[in-house]
K.L.:
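What follows is a single structure, and I will ask about it in a moment.
No hydrogens, no waters, no symmetry mates; every other heavy atom, side chains included, goes into these values. In what follows, chains are A, B, ... by sequence order, proteins preceding strands, each numbered from 1.
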Number of protein chains: 4
Amino acid sequence: MSENVAEFPHAEEETQTQNEHQAPKDVGGVGGERLLSFIQRIERLEEEKAALMEDIKEVYAEAKGVGFDVKIIRKVVSLRKQDTDKRREEDELLDLYKAAVGMI
Amino acid sequence: MSENVAEFPHAEEETQTQNEHQAPKDVGGVGGERLLSFIQRIERLEEEKAALMEDIKEVYAEAKGVGFDVKIIRKVVSLRKQDTDKRREEDELLDLYKAAVGMI
Amino acid sequence: MSENVAEFPHAEEETQTQNEHQAPKDVGGVGGERLLSFIQRIERLEEEKAALMEDIKEVYAEAKGVGFDVKIIRKVVSLRKQDTDKRREEDELLDLYKAAVGMI
Amino acid sequence: MSENVAEFPHAEEETQTQNEHQAPKDVGGVGGERLLSFIQRIERLEEEKAALMEDIKEVYAEAKGVGFDVKIIRKVVSLRKQDTDKRREEDELLDLYKAAVGMI
DNA sequence: ACCGTGGTTAGCTTTC
DNA sequence: GAAAGCTAACCACGGT
């Protein structure tokens, strides 16, 4: 059932001949193939990402299992992240200063 | 009702013997250490996740670099994902029907 | 990113004359009043929303009452919604393609 | 495309006599029709809900337009809601006490 | 009666 | 500055 619409982009057509020197926006030539390749790379990465999110959930679950309060752990992680981010920003700012002053 | 005032985490009551005069960072017996371990595992995974998100952005950027329209790619990816999800849900619905009807 | 420490709300600087020794609840001149008005409009709408959610629950309950399986109904509703959304998005994708190709 | 799968339905087994001249889409006796009716009522309500959410967003936008900080307004609304909820819970608790003590 | 799960909503981030 | 997509908190429900 269900007709997967969605792949409009389908490089199948093997429009062999005219695809040299194409401008971008190549819809049915080699472009389609290439586009599909990008899409698949993205999908692969997204799968990995989803798997990691799964793992993270599991760690929380495990922590919960031994009696920790998940909500609090989340908060702690978040706060630590804020610290990190802040430090990183400060470093960036410092670099900016250095650059402004010719130190780099 | 309900007190979600954040009573601090407390792992199982294995708080037996050593909880007076603790070293810093060990609030509830061995709990602190254990908690830290969970937190670090989570942070590690989140780093990996961030890296993947970075990678994904790069793929989009690369696609853009060779002339594709990022917005369109995003849409296509999204629609393909919807297909997948929908199929999965339809299967679930089918299972639901079966269960409702005693076929399982 | 920035300090979300909550500098308190402040409407446009029309805080001209009367802002010393204000009554409570009026922090920035006429701003407080105006702010309150926004807040109340929002709260009113949220109440209506909550009422609707209540109604929806009741319909599910009623359906359950005559023997339907709520879980299945939810799934069906969800799938029908996905259809709608998907169709809409496909149209958007089509527009996107057209635009990309100069047809609009 | 796609024909919403879905109505497999079976309301109570009152499938006896009355299924003459059914409308299309009536798979399991009068059940399908009834189910559809429920579904449509739900969908109608959900539309209204979506409209309200739209309205709320507009109010926020308007507030922003005159210089208020949306994030802060959200926070205020949320805090006020917590107050309300808390008060409601306290009232319920009070009722409980009263009941327990025969005051009602 | 509690826990776990899934779905929903709101808030944040990033994009255009 | 607005709009969208993504993520994380919340809540209600069903299962054990």
K.L.:
Are K86(A) and E90(A) within salt-bridge range, i.e. N to O under 4.0 Å?
P.N.:
no
K.L.:
Who pairs with K71(C) by side chain to side chain donor-acceptor pair (under 3.5 Å), at least two apart in sequence or on another chain?
P.N.:
none
K.L.:
Starting from the 5' end of DNA chain F, give me the residue, S78(B) or S78(A), whose nearest nucleotide shows up first.
P.N.:
S78(B)
K.L.:
Below the 4.0 Å mark, does dA10(E) have OP1 or OP2 next to a side-chain nitrogen or oxygen of R74(D)?
P.N.:
no
K.L.:
Using a strict heavy-atom distance below 4.0 Å, which residues from residues 41-60 of chain D are in contact with DNA chain E?
P.N.:
K49(D), M53(D)
K.L.:
Using a 4.0 Å heavy-atom cut-off, does K71(C) contact any base of the nucleic acid, only the sugar-phosphate backbone, or nothing at all?
P.N.:
nothing
K.L.:
Atom NZ of K75(A) to atom P of dT7(F): distance rounded to whole Å?
P.N.:
19 Å
K.L.:
Run the side chain to side chain donor-acceptor pair (under 3.5 Å) test against E58(B) and tell me which residues pass, sequence neighbours left out.
P.N.:
none
K.L.:
Considering only residues two or more places apart or on different chains, which pairs with a residue in residues 40-53 of chain D satisfy side-chain hydrogen bond (donor to acceptor under 3.5 Å, both in side chains)?
P.N.:
E62(C)-R41(D), R80(C)-E43(D), R44(D)-E48(D)
K.L.:
Using the ring-ring contact (aromatic ring centres under 6.0 Å, His included) criterion, which residues pair with F38(A)? Sequence neighbours excluded.
P.N.:
F68(B)
K.L.:
With a 4.0 Å cut-off on heavy atoms, is K81(B) in touch with a base, just the backbone sugar-phosphate, or nothing at all?
P.N.:
nothing
K.L.:
Can you list the residues that meet the salt bridge (Lys or Arg N to Asp or Glu O under 4.0 Å) rule with K81(C), with sequence neighbours excluded?
P.N.:
D85(C)
K.L.:
Distance check needed: dA3(F) P versus R88(C) CZ, whole Å only.
P.N.:
15 Å
K.L.:
Return the value, rounded to whole Å, for the distance between atom NZ of K64(C) and atom P of dG14(F).
P.N.:
4 Å
K.L.:
Take the protein atom CG of L96(C) and the nucleotide atom C1' of dA4(F), then report the distance between them rounded to whole Å.
P.N.:
13 Å
K.L.:
For the pair made of CD in E62(A) and C1' in dC3(E), what is the distance, rounded to whole Å?
P.N.:
18 Å
